[in-house]
**Q** 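Would you mind keeping the following structure in view while I ask a few things?
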Protein chains: 2
Amino acid sequence: METNVDNEGLINKDFSEDLAPFMLTKCPVTLTNLIIGGKWKPVIIHNVSRGINRFGELQRAMPGVSKKMLTQELRDLEHNGILNRKIYAEIPPRVEYSLTDWGRATLPILQSMAHFGFAYADKLGLKPA
Amino acid sequence: METNVDNEGLINKDFSEDLAPFMLTKCPVTLTNLIIGGKWKPVIIHNVSRGINRFGELQRAMPGVSKKMLTQELRDLEHNGILNRKIYAEIPPRVEYSLTDWGRATLPILQSMAHFGFAYADKLGLKPA
DNA sequence: CAGTATCCACAATGATACTG
DNA sequence: CAGTATCATTGTGGATACTG
């Protein structure tokens, strides 16, 4: 609320609270978890990387997510420099999300997660998509 | 729960509830997230892979974690076939955790997370461990 | 040492209604 | 279309005390 130092327009969030777990441990894995962890963030990134980049599309592509959660997670990713948000001044309004360079830098993580998930689903006798 | 033999890789939990988000989406990334996601699981795996494999050691290596959370996360990982738990019938009691084959299969994910975390910490002007 | 058990504060999330 | 705002509910996690 009070102190908002916008240095470069890229990351303008106050991290002193958000990044507390990382500050405590200095563990890079913990930091990554804070940025792209959680229930929906990896799936959002995965979908945006596949070209599913509009709010409604994402919501349909992610069964179970609520508008509120989707909005919130999209904002987090945007504020942390993972996603771009482009607003087209049209009617009806159109918004498109895309990966930033840092967003693309997370894709190897997503890929190894997908690789493991496929194998693990198979182990469980389940069929992934 | 008596002195049960190590049943490596055996999954004896009822997943119908736990895996609901995956059942809904069939997304392998979501599945991986359910197995090794969350605040502490990646760090536990990372530490165990480095030889930090006893309860007390892990607790000291993970500032901020409570006994309750550590126990809970260790149990999840064990039940999902990521960790082995070996109990030595000694006094004082000794328990050692180790990675299963499936646990080792998650290490590429952890590595790419660490790689990203290092770079991202640098971007933030912070020093990782 | 390596946990369990219980209680509870508060954060996280869902449902619903409304808006530019 | 792409969100906000608000309230209700659920869940996560911390503190504390106890145990084989």
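Since we're looking at a predicted model, the values are computed, not measured. Side chains included, hydrogens not; waters and symmetry mates left out as well; all remaining heavy atoms used. Labels below follow one simple rule: chain letters A, B, ... track the order of the sequence lines, proteins then strands, and each chain is numbered from 1.
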**Q** Using OP1 and OP2 only, check whether a side-chain N or O of A:Arg75 sits under 4.0 Å from D:dG3.
**A** yes
**Q** Return the value, rounded to whole Å, for the distance between atom NZ of A:Lys39 and atom C1' of D:dG11.
**A** 11 Å
**Q** Could you list by number each residue of residues 44-62 of chain A showing a heavy-atom separation from DNA chain C of less than 4.0 Å, or answer none if no residue does?
**A** none
**Q** Heavy atoms under 4.0 Å is the rule here; annotate nucleotides 6-12 of chain C 5' to 3' with B where the base is hit, S where only the sugar-phosphate is, and - elsewhere.
**A** BB-----
**Q** So which atom in A:Pro128 and which in A:Phe118 form the shortest heavy-atom distance, rounded to 0.1 Å?
**A** CG-CD2, 3.1 Å
**Q** In whole Å, I'd like the distance from the CD1 atom of A:Ile87 to the C1' atom of D:dA2.
**A** 10 Å
**Q** Quick one: side chains of residues 24-31 of chain A, donor-acceptor pairs under 3.5 Å with protein atoms, not counting sequence neighbours, listed by atom name and distance.
**A**
unit_1: A:Thr25; atom_1: OG1; unit_2: A:Pro21; atom_2: O; d: 3.0
unit_1: A:Thr25; atom_1: OG1; unit_2: A:Cys27; atom_2: N; d: 3.2

**Q** Have a look at A:Tyr88 and say if it touches a base, only the backbone sugar-phosphate, or nothing, with a 4.0 Å heavy-atom cut-off.
**A**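 It contacts nothing in the nucleic acid.
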**Q** Looking only at heavy atoms, what is the nearest atom pair of B:Leu110 and B:His46, with distance?
**A** CD1-CB, 4.1 Å
**Q** Judged by each residue's nearest nucleotide on DNA chain C, which is more toward the 5′ side, A:Ser66 or B:Pro92?
**A** B:Pro92
**Q** If every non-hydrogen atom of B:Pro63 is compared with every non-hydrogen atom of B:Trp40, which pair is closest and at what distance?
**A** O-CH2, 3.8 Å
**Q** What is the distance from atom OG1 of A:Thr106 to atom CD1 of A:Ile36, rounded to the nearest 0.5 Å?
**A**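 It is 5.0 Å, given to the nearest 0.5 Å.
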**Q** Over all heavy atoms of both residues, which pair between B:Leu70 and B:Val65 is shortest? Give the atoms and the distance, please.
**A**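 Minimum heavy-atom separation between B:Leu70 and B:Val65: N-CG2, 3.9 Å.
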**Q** For the pair made of NZ in B:Lys41 and C1' in D:dG13, what is the distance, rounded to whole Å?
**A**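 Nearest whole value for this atom pair: 13 Å.
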**Q** How does DNA chain C read in dot-bracket, base by base from 5' to 3', with Watson-Crick or G-U pairs under 3.5 Å and | used when the partner is on another strand?
**A** ||||||||||||||||||||
**Q** Kindly write out the residues that satisfy side-chain hydrogen bond (donor to acceptor under 3.5 Å, both in side chains) with B:Ser49, not counting sequence neighbours, or none if the list is empty.
**A**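 For B:Ser49, no residue satisfies side-chain hydrogen bond (donor to acceptor under 3.5 Å, both in side chains) once neighbours in sequence are set aside.
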**Q** If I take atom CH2 in residue B:Trp40 and atom C1' in nucleotide D:dT12, what distance separates them, rounded to the nearest angstrom?
**A** 13 Å
**Q** Can you check the A:Glu73 CD to D:dG3 P distance for me, whole Å?
**A**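 Atom-to-atom, A:Glu73 to D:dG3, this comes out as 14 Å.
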**Q** Taking only side-chain N and O atoms of A:Tyr97, does any of them lie within less than 4.0 angstrom of OP1 or OP2 on D:dG3?
**A** yes
**Q** What salt bridge (Lys or Arg N to Asp or Glu O under 4.0 Å) pairs are there with at least one residue in residues 54-74 of chain A, not counting sequence neighbours?
**A** A:Lys41-A:Glu73
**Q** Mind listing the side-chain donor-acceptor pairs of residues 81-97 of chain A below 3.5 Å, one per line with the distance, residues two or more places apart or on another chain?
**A**
unit_1: A:Arg85; atom_1: NE; unit_2: A:Tyr97; atom_2: OH; d: 3.3
unit_1: A:Tyr88; atom_1: OH; unit_2: A:Glu96; atom_2: OE1; d: 3.4
unit_1: A:Glu90; atom_1: OE1; unit_2: A:Arg94; atom_2: NE; d: 3.4
unit_1: A:Glu90; atom_1: OE2; unit_2: A:Arg94; atom_2: NH2; d: 3.1
unit_1: A:Arg94; atom_1: NH1; unit_2: A:Glu96; atom_2: OE2; d: 2.7
unit_1: A:Tyr97; atom_1: OH; unit_2: A:Arg75; atom_2: NH1; d: 3.3

**Q** Restricting to non-hydrogen atoms, name the atom on A:Asp101 and the atom on A:Arg104 that form the minimum distance, rounded to 0.1 Å.
**A** OD1-NH2, 2.7 Å
**Q** Under the criterion side-chain contact (heavy atoms from CB on, under 4.5 Å), I'd like the reasoning laid out for B:Val48 against B:Leu58: C-alpha separation, chi angles, the key distance, then a yes or no.
**A** CA-CA 8 Å; B:Val48 171; B:Leu58 287 167; 4.2 Å; yes
**Q** Check the distance between C:dG3's P and B:Leu83's CG and give it to me in whole angstrom.
**A** 12 Å
**Q** Round to a whole Å and report the spacing from CG of B:Leu70 to C1' of D:dT12.
**A** 16 Å
**Q** Nearest-Å distance, CG (B:Asp18) to C1' (D:dG11)?
**A** 14 Å
**Q** Tell me, do B:Leu126 and A:Phe22 make a side-chain contact under 4.5 Å, heavy atoms counted?
**A**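 Yes, close enough: below the 4.5 Å cut-off.
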**Q** Reckon B:Arg94 has a side-chain N or O less than 4.0 Å from the OP1 or OP2 of C:dG3?
**A**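 So the side-chain polar atoms of B:Arg94 never come under 4.0 Å of the phosphate oxygens OP1 or OP2 of C:dG3.
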**Q** Scan nucleotides 18-20 of chain C against the protein and return all N/O pairs shorter than 3.5 Å with their distances rounded to 0.1 Å.
**A**
none

**Q** What pair of heavy atoms forms the shortest contact from B:Ile35 to B:Leu77, and how long is it?
**A**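 Residues B:Ile35 and B:Leu77, closest heavy atoms: O-CD2, 3.7 Å.
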**Q** Examine distances only and state if a side-chain atom of A:Asn33 and a backbone atom of B:Gly38 form a donor-acceptor pair shorter than 3.5 Å.
**A** yes
